[in-house]
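Since the structure comes first, as structure tokens, the remarks are kept for the end.
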Amino acid sequence: MPELPEVETVVRSLRPMVVGQTIHEMWYDWPRTLHSPSPDIFAARVRGQKVHDVTRRAKYIILHLDHDFLLVHLKMTGRLYVLEAGAVVPDDRWIHVRFQLDKGSSLCFSDSRKFGRIYLASQVEHVVKGIGPEPLEADFTPEVFFQRLNSRDRALKPLLLDQAFVAGVGNIYADEALFRSGLHPLRRSGTLGRDDAYRLYGAVRDALSAGISHEGASINWYRKPDGTRGNSQDHFFVYGRDGQPCHTCQATIEKIRVGQRGTHFCPRCQPAHKGSAS
DNA sequence: CGGACAACCTGGCGGC
DNA sequence: TGCCGCCAGGTTGTCC
């Protein structure tokens with residue numbers, strides 16, 4: 001579910017609520033959510049540690065503690081939010097982990113599909129391994145992107161979804177970025193010229209930035225930590241718009257399968273290329 | 001290296 | 001209303 005914009009929105013919302021608070025106790029009812037260390041060790045080790053910052057790397061939410069990093073990956077349906085003491089308890093039967101904070105407040109991890117994972121590690125790198133560049137960071141330049149694209153020969157859609165290639169892009173923003181670039185999802189990465197690559201570079205960054213400015217997309221499960229919805233879904237060009245007219249050219253948006261993932265594109269704005277398989 | 005597919009899980013929705 | 005199959009924002013491991 002959550003991609004870079006959604007995770008970034010959660011991080012920004014959570015940071016002022018949990019920084020400075022201490023984790024006093026941990027409760028859980030689905031052991032597999034606690035990836036590592038094992039639940040009993042996890043609980044003992046996290047107890048008493050204070051939260052100093054909340055940041056993001058790729059789609060991981062990172063809580064900086066006294067001696068460790070607490071990492072949360074929301075996967076498809078995970079939610080992370082703070083419940084203040086005395087607050088109206090939400091009707092949420094999918095809470096699987098709770099961290100008791102100061103003055104009766106708690107940090108809740110809810111996840112209906114139970115794909116989400118929580119880690120406790122002394123180094124972020126022990127958990128986040130082999131991840132590609134952050135697309136919104138300064139060291140990610142259009143020339144670097146061009147070189148990376150040309151060093152591979154893969155359809156653009158699955159390549160953008162590959163976290164080792166570029167961090168944080170998921171199914172929604174991959175489709176949105178490809179539309180913004182005018183490139184077909186099946187176009188082979190090795191066939192891109194410098195101009196194409198630079199255009200895609202800008203499109204990826206613009207799509208992600210727009211997602212952040214709209215506080216993420218709430219299509220189904222995603223909610224901001226305060227329980228409200230993001231608005232990014234109201235600004236999509238192609239995702240979920242199959243059968244509807246393209247905002248740019250009025251052609252009908254199509255949906256195909258690429259690498260087992262639903263893929264939306266405009267057949268007129270993103271024409272097939274001799275270098276693509278369709 | 002790239003592609004296909006199964007797993008991990010549950011809920012919502014469309015179709016009959 | 002009930003049941004069934006399909007779909008879903010992610011990632012990992014296996015096999016070819």
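So you know, we letter chains A, B, ... as the sequences are listed, proteins then strands, and number each from 1.
- Across dC1(B) and dG10(C), the matching C1' atoms stand 22 Å from one another, rounded to whole Å.
- Taking atom NZ of residue Lys114(A) and atom C1' of nucleotide dC9(B), one finds them 7 Å apart after rounding to whole Å.
- When ring centroids are compared, His64(A) and Phe69(A) come within the 6.0 Å threshold.
- For the pair Arg117(A) and dT11(C), the criterion of a side-chain N or O lying under 4.0 Å from OP1 or OP2 is not met.
- The side chain of Trp94(A) approaches dG11(B) more closely than any other nucleotide in the set dG11(B), dC7(C), dG2(B).
- Scanning all heavy atoms of the two residues, the minimum distance from Leu136(A) to Ser209(A) falls at CD2-OG, 3.7 Å.
- Between the CD atom of Glu6(A) and the P atom of dG10(C) there is a distance of 9 Å, rounded to whole Å.
- Asp111(A) comes within contact range of no nucleotide atom at all, as no heavy-atom separation falls under 4.0 Å.
- Residue Gln260(A) is classed as a base contact, given a heavy-atom separation below 4.0 Å to a base.
- Look at Arg257(A) and you won't find any side-chain N or O under 4.0 angstrom from OP1 or OP2 of dC6(C).
- Tyr239(A) comes within 4.0 angstrom of the backbone, heavy atoms only, and of no base.
- In this structure, Lys75(A) places its NZ atom 18 Å from P of dG11(B), rounding to the nearest Å.
- When both pairing distances are held under 3.5 Å, dC9(B) makes no Watson-Crick or G-U pair with any nucleotide shown.
- The same atom, P, is picked in dG5(C) and in dA6(B); the two are 16 Å apart, to the nearest Å.
- Distances were taken from every side-chain heavy atom of Ser112(A) (C-beta onward) to each of dG3(B), dA8(C), dG11(B); the shortest belongs to dG11(B).
- For Arg154(A), the listed nucleotide lying nearest its side chain is dG2(B); candidates were dG2(B), dG11(B), dC9(B).
- Across dC8(B) and dC3(C), the matching P atoms stand 25 Å from one another, rounded to whole Å.
- Ring stacking holds between Phe115(A) and dC8(B), with the centres under 5.5 Å apart and the planes within 30 degrees of each other.
- One interatomic measurement links the two molecules: CD1 of Ile118(A) to C1' of dG10(C), which rounds to 16 Å at whole-angstrom precision.
- The aromatic rings of Tyr173(A) and Phe236(A) lie perpendicular to each other, with more than 60° between the two planes, well past the 30° mark.
- For the pair Arg32(A) CZ and dT12(C) P, the interatomic distance rounds to 14 Å; values are reported in whole Å.
- Using a 4.0 Å cut-off between charged nitrogen and carboxylate oxygen, Lys103(A) and Glu84(A) do not count as a salt-bridge pair.
- A straight line from CZ of Arg113(A) to C1' of dC7(C) spans 9 Å, rounded to a whole angstrom.
- Going from atom CD of Gln163(A) over to atom P of dT12(C) covers 9 Å, rounded to whole Å.
- Salt bridge absent: Lys75(A) and Asp111(A) never bring a charged side-chain N and a carboxylate O closer than 4.0 Å.
- His52(A) and Asp66(A) are linked by a side-chain donor-acceptor pair at a separation below 3.5 angstrom, with hydrogens and angles left out of the test.
- Distances were taken from every side-chain heavy atom of Arg188(A) (C-beta onward) to each of dC9(B), dG10(C), dG3(B); the shortest belongs to dG3(B).
- Here the side chain of His73(A) is nearest to one of dG11(B), dG10(C), dC7(C), namely dG10(C).
- Counting to the nearest Å, the C1' atom of dG10(C) and the NZ atom of Lys59(A) are 6 Å from each other.
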